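Contents: one structure, followed by commentary.
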Amino acid sequence: QICRRKGIRNVAIIAHVDHGKTTLVDELLTSAKKSIEGSSEALDRLMDSGDLEKERGITITSKVTRVPYKQEATGESLVLNIVDTPGHADFSGEVDRILSMVDGVCLLVDAVEGPMTQTKYVLSRALQAGLKPICILNKCDRPEAVSRLDSGETETKLVELFEALGASEEQTDFVTMYASAREGWIVKEDPFVALELSADGYNKEETDEHSMRHLLDAIVDIIPEPAARRYDTSVEKDTSLEGDSFGEDPFALAVVSVGSDSYLGRTCTGRIVSGSISVGDGVSLLAREGQQSDELPSSSVSGLFCYEGVSRKPMEAFACAGDCVTLAGVPESVAVGDTITSKSNPVKEPIDTPPLAPPTLSMDFGTNNGPLAGSEPGTIVASSKIRERLVAETDNNVTLKIEKSSSDAEKTTVYARGELQLGILVEQMRREGFEMILTPPRVLTVKDPETDELLEPFEEVIVDVDSEFSGAVVSSLTNTRKGQLVEMTETPDGKARLLFHAPSRGLLGFSAEIASETRGSAVVNHVFLENRPHIGMLESSYGKPKLVCNTSGKATSYALQALSNRGTLFVEPGDELYSGMVVGEQARVGPDLEVNAVRAKEVTNMRTQSKDETVRLAPPVKLSLEEMIGYMAEDEVIEVTPKSIRLRKAILDGNVRERAARNRAK
């Protein structure tokens, strides 16, 4: 029977990127600690613990934290397992795998922006899993939110989204709360009180009348207790039981992340679905894809932990069904989606886990074969080491797929969700000392099993931009990139929201290009929509003609000043250059232009009447790794080292490159 575990709530915070999830989690942790200890220090994006997460201000991996909470009205002490999830579409696989741990979600929506592309995706996954939602309109303290709250526009869009996604009657009857996570206040189902707090301000140090305890209480009251399996048929369905009651049942845990500990061995994190576990118990592994042999991989549990904030803490004697825990000492072959069960009293079948959306891009990772390869001390350049690191990444990063390249045995093909996911992976590797080259991204196509027609991924794209630039956005995305404008809305404050359906190929390099054309006012969000018939070749502009260096040496001010009139430069004086390296983008349309960027001014003993003029150069354009992935042409590669990121031609010799281009043209 499916019963309920008393005294626990498991909930995930889901939202579109930059709608305030991590800030809200900080306030929830602070309020929960106050309920136990009476006071708590303020937190600042505690759950974004990784270096890249702190630098970029985004959540990359899902994290679960255990929070003790004492309800003020009843005096009941509970445990809340709160999961912070990523909001960017490239990391939506983190949301897919973590939703199996929870019984409800807090859907966070910006009160001004309303539901966005990733809002639709994460909500659809939560509704499919049958989870109970609580909706929170965040950032109600923004001046633009007043008109939206007064008219009920955002709430209406939210209801329409639930209906469009096929929510059940119970799910559609959701509670709406109004909040400012940054200011630390929240109001239940009364937008007019939220408007007053927004206008008058709220000091959370002086009063807790509208503190985040109201959200914690709503989680306790609305989110159901964790579902747990009981193998005692005498117990009625949905009976609420204490943890001790599950001790005799077969232990089973669904794995959502794996890791390793140099002292305790292999680790895995997940939610206990049935039974109980303690240190020293024997466990076996049930693979998600089925067993390769009759004998199950087995081991003994060497550690039992939970996470409080980002700190791993040992648990007491045992953990029961409904708990979210980390086990140490599990079998080495464990993977995300597998089931850990008791060795002496195992379950018969692995626990069902939700399927993942397919990758949309692939890139080849290979050994750096450029002139400067291995010149930086301590770098890891061997292709075998690069492949080992990529395979290790798939342990946790379940949306990545790794295989040997079909065109070059020394290269490794990586399949991923998007440019940002690939960029984050490469950035992590270069910080670990790896040196590699990256080939241009390829969008993955499939064949329709019924018609044998070639299909390619399409994405739903939302662009928020100043109204004066809306024409430039429409022109850029519909002409050369073959997107379709589906909807366009304008607001009184001079903003426009454009909704497109566009092929994934057409979005490569689009964000960087449109940011330049709209003076940085455009905000682009996109999410996978579906596979549609292939629309043929694109006249995309991301293969713009380049300025290519034709000799080796250090860039000089004298040479760069002469080249600055020919286009935009990517390098500055003193940079190490070599033949075949891209040093800029041409201003004119045409073939790539080979240039000498290391030429120095001729030195003579002739006197001159006038003094030498001071060389003044505009600052070079420094492309980020993600921008470079979308910008590179078909005949180029990115060279990545711990200290540098360079764009160069795959064939360095200009004469050989020219012959290869002529052969391709034939």
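Only a predicted model underlies this, so the values are computations on that prediction, with no experimental measurement involved.
Side-chain contact between Val102 and Val11 is absent, with no heavy atoms from C-beta onward closer than 4.5 Å. Within the 4.5 Å cutoff, no side-chain heavy atoms of Ser504 are placed close to those of His526. The shortest distance between side-chain heavy atoms of Pro133 and Phe162 falls below 4.5 Å. Put simply, the side chain of Trp185 reaches to within 4.5 Å of the side chain of Ser180, judged on heavy atoms. Counting only heavy atoms from C-beta outward, the side chains of Met315 and Ile277 never approach each other to under 4.5 Å. With a 4.5 Å cut-off on side-chain heavy atoms, Thr399 and Phe91 do not count as touching. With contacts defined as side-chain heavy-atom distances shorter than 4.5 Å, the pair Asp323/Cys320 qualifies. Within the 4.5 Å cutoff, the side chain of Asp238 has no heavy atoms near those of the Glu236 side chain.
Counting all heavy atoms, side chain and backbone alike, Phe246 lies closest to Arg230 at CD2-CD, 3.3 Å. Residues Val235 and Cys3 share a closest heavy-atom pair of CG1-SG, 3.6 Å. Heavy atoms only, all atoms of each residue included: Ala167 and Leu127 are closest at CB-CD1, 3.8 Å. Taking each heavy atom of Val336 and Val258 in turn, the nearest pair found is N-CG1, 4.2 Å. Closest non-hydrogen pair, Pro86 versus Val95, comes out as O-CG2, 3.7 Å. Across all their heavy atoms, Ala502 and Leu507 have their closest contact at CB-CD2, 4.3 Å.
Atom CD of Glu170 sits in a sparse spot, with 12 or fewer heavy atoms from other residues, nucleotides or ligands closer than 6.0 Å. Atom CD of Glu72 has 12 or fewer heavy atoms from other residues, nucleotides or ligands within 6.0 Å. Annotation: Lys120, atom NZ; neighbour count of heavy atoms from other residues, nucleotides and ligands within 6.0 Å does not exceed 12. Other residues, nucleotides and ligands contribute more than 12 heavy atoms inside 6.0 Å of the CD atom of Gln128. Under a cut-off of 6.0 angstrom, the local environment of CG in Asp352 is sparse, with at most 12 non-hydrogen atoms contributed by other residues, nucleotides or ligands. For Tyr231, the OH atom is densely surrounded, since the number of other residues' heavy atoms within 6.0 Å is greater than 12.
Here Thr269 pairs with Thr326 under the side chain to side chain donor-acceptor pair (under 3.5 Å) rule; sequence neighbours left out. Judged as a salt bridge (Lys or Arg N to Asp or Glu O under 4.0 Å), and not counting sequence neighbours, the contacts of Glu144 are Arg142. Every residue two or more places apart in sequence or in another chain that forms a side-chain contact (heavy atoms from CB on, under 4.5 Å) with Leu529 is listed here: Glu460, His501, Arg532. Considering only residues two or more places apart in sequence or on other chains, Glu459 meets the salt bridge (Lys or Arg N to Asp or Glu O under 4.0 Å) condition with none of them. Scored by the side chain to side chain donor-acceptor pair (under 3.5 Å) test, Arg182 finds Asp141 as partners (sequence neighbours excluded).
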Q: Show your working on salt bridge (Lys or Arg N to Asp or Glu O under 4.0 Å) between Asp110 and Arg148 and close with a plain yes or no.
A: CA-CA 11 Å; Asp110 190 307; Arg148 303 294 175 92; over 6 Å; no
What verdict does the side chain to side chain contact (heavy atoms under 4.5 Å, CB included) test give for Gln171 and Leu123, after you've listed the backbone C-alpha separation in whole Å, the side-chain angles of each residue and the deciding distance to 0.1 Å? CA-CA 11 Å; Gln171 289 172 326; Leu123 179 58; over 6 Å; no
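Under 3.5 Å, the side chains of Thr22 and Asp84 contain a donor-acceptor pair of N or O atoms. Donor-acceptor pairing under 3.5 Å is lacking for the side chains of Glu155 and Thr176.
The closest donor-acceptor contact from the side chain of Thr30 to the backbone of Asp26 lies under 3.5 Å. In this structure a side-chain-to-backbone donor-acceptor pair under 3.5 Å is present from Thr339 to Ile351. Asp338 places no side-chain N or O within donor-acceptor distance of the main-chain N or O of Val255, the cut-off being under 3.5 Å. A donor-acceptor pair under 3.5 Å is formed between the side chain of Arg5 and the backbone N or O of Ala321. Although no hydrogens or angles enter the test, the distance criterion places no donor-acceptor pair under 3.5 Å between the side chain of Ser31 and the main chain of Leu28. Checking side-chain atoms of Lys21 against main-chain N and O of His19 turns up no donor-acceptor pair under 3.5 Å.
Distance check: Ile13 CD1 to Ile134 CD1 gives 8.5 Å after rounding to the nearest 0.5 Å. Once rounded to the nearest 0.5 Å, the distance linking SG of Cys324 with CD1 of Ile98 reads 8.0 Å. Of the inter-residue distances, the one linking Ile82 atom CD1 with Arg66 atom CZ reads 12.0 Å to the nearest 0.5 angstrom. From Thr117, atom OG1 reaches atom CG of Asn525 across 4.5 Å, with rounding to the nearest 0.5 Å. Rounding to the nearest 0.5 Å gives a distance of 5.5 Å between CG of Leu137 and OH of Tyr178. Rounding to the nearest 0.5 angstrom, the gap separating the CD1 atom in Ile136 from the CG atom in Leu24 is 5.0 Å.
One finds a salt bridge joining Asp103 and Arg271 here, because a Lys/Arg side-chain nitrogen approaches an Asp/Glu carboxylate oxygen to under 4.0 Å. Using a 4.0 Å cut-off between charged side-chain N and carboxylate O, Arg125 and Asp96 make a salt bridge. Between Asp90 and Arg417 there is no salt bridge, since no side-chain nitrogen of the basic residue lies less than 4.0 Å from a carboxylate oxygen of the acidic one.
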May I have the list of side-chain donor-acceptor pairs in residues 210-226 shorter than 3.5 Å, sequence neighbours left out?
residue, atom, partner, partner atom, Å
Ser211, OG, Asp208, O, 3.4
Ser211, OG, Arg213, N, 3.3
Arg213, NH2, Lys70, O, 3.0
His214, NE2, Glu209, O, 2.6
Asp217, OD1, Tyr69, OH, 2.6
Asp221, OD1, Gln71, NE2, 3.4
Glu225, OE1, Ser240, OG, 2.8
Glu225, OE2, Ser240, OG, 3.3

